[in-house]
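Just so you know, these numbers come straight off a predicted model, no measurement behind them. Numbering of ligands and ligand atoms starts at 1, following listing order.
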Amino acid sequence: MKIAVVGLGYVGLPLSLQFARSCVDVLGLDVDAKKVELLNNGESYIKHIDASTVSELVESGKLSASTDFSRIREVEAVIICVPTPLNKNREPDLSFVINTGRAIAPHLATGALVVLESTTYPGTTDEDLRAVLEEGSGMKAGVDFHLAFSPEREDPANDQSKVKSIPKVVGGYTPKCLARAMALYSRAVDKLVPVSSCRVAEAAKLLENIFRSVNIALVNELKTVYGTMGIDIWEVIEAAKTKPFGFMPFYPGPGLGGHCIPIDPFYLTWKAREFGQHTRFIELAGEINTRMPEQVVHRVADVLNSRQRPIHGARILILGLAYKPNVDDERESPSYALMDLLTSRGANVEYYDPFVPIIKPTREHSHWSGKKSIEWNRNQIESFDLILIATNHKCVNYQELADWANCVVDTRNAMAGVRIAPGKLWKA
Ligand SMILES: NC(=O)c1ccc[n+]([C@@H]2O[C@H](COP(=O)([O-])OP(=O)(O)OC[C@H]3O[C@@H](n4cnc5c(N)ncnc54)[C@H](O)[C@@H]3O)[C@@H](O)[C@H]2O)c1
């Protein structure tokens with residue numbers, strides 16, 4: 001069997017590797033010629049994916065990559081893993097999905113299966129994507145080709161997160177489409193969860209992400225409330241999580257980051273309006289979570305003030321640019337909001353992140369592109385008035401930080417258990 005995976009990013013690459021490992025021939029397609037070239041050379045461009053796995057599968061001929069979308073005619077199934085961001089008005093930007101649909105439609109073989117994996121609102125697969133595929137191919141979904149949605153559940157840098165062992169929800173446009181999609185994924189994934197439609201599968205993925213967003217907002221709010229009472233939220237969560245049922249721990253932080261949790265819930269908000277519905281939980285969670293960087297900066301100002309320092313002119317180091325620990329992904333990272341807010345108040349801001357040695361050009365944070373991480377050494381760390389821990393990477397030596405820094409503000413409880421002189425450490 002030969003399939004194509006379109007979009008070779010954080011989702012598409014591990015999926016391609018898993019299919020290739022499962023004896024399926026995989027053609028990876030991407031508009032990014034650099035990624036295609038690296039892949040064909042057997043190299044990995046994602047930190048937590050081993051180059052040896054890529055090279056082994058490329059050398060065995062199971063995996064190859066191309067920018068030539070006409071090669072869709074070679075495959076029995078196409079899996080789409082392209083971005084689904086928000087536009088500048090914070091509305092769904094389906095252009096990547098639609099452009100992919102347009103690019104593959106003219107080359108789709110009769111009887112082929114198309115599966116969308118990108119997170120999106122209910123109706124994307126059977127309305128938006130179906131329309132472009134039918135128009136471009138002259139074929140009918142459910143009759144001449146098959147269509148399905150199966151959300152991806154990647155958790156980068158989580159060693160337990162394996163494409164093979166994580167149950168996969170699958171919804172088809174018709175029962176036949178579902179059967180085809182189940183047959184495809186059963187080659188590479190241990191447990192499949194069939195549902196009655198593409199829309200149910202799309203909605204299930206959004207529920208998973210909204211659940212996280214709302215619960216993170218809840219602990220962020222409780223952090224503030226308990227903080228004013230002199231109660232440490234981290235200790236509270238440790239205590240509460242000993243309950244063996246009916247509780248799941250979520251942790252506060254400096255704000256939401258990554259490609260999913262800050263974005264996906266608003267796909268539903270937008271679609272719900274079409275049905276005259278309001279998504280109040282989502283809006284409230286969004287409001288609380290997006291206020292967090294501002295709140296952290298107020299805390300930084302208070303800490304500096306207690307040391308007779310204004311923010312203006314202070315040297316502040318942001319520790320961690322990636323949006324979560326142990327990954328090199330800094331998309332939507334709250335560290336950018338912190339750097340912007342502190343700089344706008346006159347601080348001199350640097351960052352340290354061993355996984356992001358230099359900030360690549362991005363549309364959203366173009367003013368930071370080219371900035372480099374500082375080196376980790378005593379002289380550097382001592383030279384800052386304040387170190388703000390935004391991401392708790394495991395590889396950072398927090399004891400050295402405690403010994404070298406003048407003052408640490410910790411948004412992640414990264415300093416728990418570290419010996420530090422009294423008056424130097426603050427939580428935010
Ligand atoms: N990263 C995660 O952990 C994660 C988790 C759950 C869901 N998702 C969802 O999966 C989808 C993909 O996310 P990602 O993190 O892999 O994104 P990514 O940016 O890492 O990768 C997307 C890839 O698609 C390529 N691309 C863009 N437009 C294209 C086009 N028209 N044709 C072909 N390729 C194109 C890009 O060059 C890039 O290589 C999104 O909908 C996201 O919400 C991601």
Original post:
Does the pair Arg199/Glu127 count as a salt bridge with the N-to-O cut at 4.0 Å?
Top reply: yes
Original post:
Just by distance, do the side chain of Thr125 and the backbone of Phe149 share a donor-acceptor pair under 3.5 Å?
Top reply: no
**OP:** Using a strict cut-off of 4.0 Å, indicate which atoms of ligand 1 neighbour a heavy atom of Val6.
**Re:** 32 (N), 33 (C)
Subject >> Per-atom contacts of ligand 1 with Phe96, taking only distances under 4.0 Å to non-hydrogen atoms >> reply: 27 (C), 28 (N), 31 (N)
**OP:** Show your reasoning for whether ring-ring contact (aromatic ring centres under 6.0 Å, His included) applies to Tyr121 and Phe266.
**Re:** CA-CA 9 Å; Tyr121 55 75; Phe266 296 99; over 10 Å; no
Original post:
Of all the non-hydrogen atoms in the protein, which one sits nearest to atom 21 (O) of ligand 1, and at what distance?
Top reply: Gly9 CA, 3.2 Å
Original post:
Asp264 and His259: side-chain donor and acceptor closer than 3.5 Å?
Top reply: no
**OP:** Using a strict 4.0 Å cut-off to heavy atoms of Thr100, name the atoms of ligand 1 that fall inside it.
**Re:** 30 (C), 31 (N), 32 (N)
Subject >> Within the 6.0 Å centroid threshold, strictly below: Tyr251 and Trp234 >> reply: yes
Original post:
Please state which protein non-hydrogen atom is closest to atom 16 (O) of ligand 1 and give its distance, to 0.1 Å?
Top reply: Val11 N, 2.9 Å
Original post:
Is there a nitrogen or oxygen of Asp32 sitting under 3.5 Å from a nitrogen or oxygen of ligand 1?
Top reply: no
**OP:** Tell me which protein heavy atom sits closest to atom 4 (C) of ligand 1, plus the residue, atom name and distance to 0.1 Å.
**Re:** Cys260 SG, 3.3 Å
Original post:
Quick one: does NZ or CZ of Lys47 land under 6.0 Å from the six-membered ring centre of Phe355, within 45 degrees of the ring axis?
Top reply: yes
Original post:
Heavy-atom contact under 4.0 Å between Lys205 and ligand 1?
Top reply: yes
Subject >> Distance-only polar pair, side chains of Trp376 and Asn397, donor-acceptor under 3.5 Å >> reply: no
Original post:
Which residue and non-hydrogen atom of the protein lie closest to atom 11 (C) of ligand 1, and at what distance in Å?
Top reply: Val82 O, 3.5 Å
Subject >> Shortest heavy-atom approach to atom 43 (O) of ligand 1 - which of Ile263, Ile261, Val327, Thr119 >> reply: Thr119
Subject >> Test of proximity, Gly12 against ligand 1: N or O pairs below 3.5 Å >> reply: no
Original post:
Would you say ligand 1 has an N or O under 3.5 Å from any N or O of Tyr10?
Top reply: yes
Original post:
Among protein heavy atoms, which lies nearest atom 24 (O) of ligand 1, and at what distance?
Top reply: Gly7 CA, 3.3 Å
**OP:** Considering heavy atoms of the protein only, find what lies nearest to atom 6 (C) of ligand 1 and give residue, atom and distance to 0.1 Å.
**Re:** Glu152 OE1, 2.4 Å
Original post:
Can you find an N or O of Thr84 that's nearer than 3.5 Å to an N or O of ligand 1?
Top reply: yes
**OP:** Count the heavy atoms belonging to other residues, nucleotides or ligands that lie under 6.0 Å from NZ of Lys191, then report whether that count exceeds 12.
**Re:** no
**OP:** Classify the contact between Phe69 and ligand 1 as side chain, backbone, both or neither, using a heavy-atom distance cut-off of under 4.0 Å.
**Re:** side chain
Subject >> Cationic N near anionic O, under 4.0 Å, Glu117 to Lys168 >> reply: yes
Original post:
In terms of residue, atom name and distance, what is the protein heavy atom nearest to atom 19 (O) of ligand 1?
Top reply: Arg331 NH1, 3.1 Å
**OP:** Report the nearest protein non-hydrogen atom to atom 36 (C) of ligand 1: residue, atom name, distance rounded to 0.1 Å.
**Re:** Asp30 OD1, 3.4 Å
Subject >> Flag for Glu330-Ser335: side-chain donor and acceptor within less than 3.5 Å >> reply: no
Subject >> Ile233 vs Ile237, side-chain contact (heavy atoms from CB on, under 4.5 Å): CA-CA, chis, key distance, verdict >> reply: CA-CA 6 Å; Ile233 183 72; Ile237 296 169; 3.8 Å; yes
Subject >> Residue pair Ile374 / Phe384: nearest heavy atoms and the distance that separates them >> reply: CD1-CE1, 4.0 Å
Original post:
Just distances here: any N/O of Lys35 and N/O of ligand 1 closer than 3.5 Å?
Top reply: yes
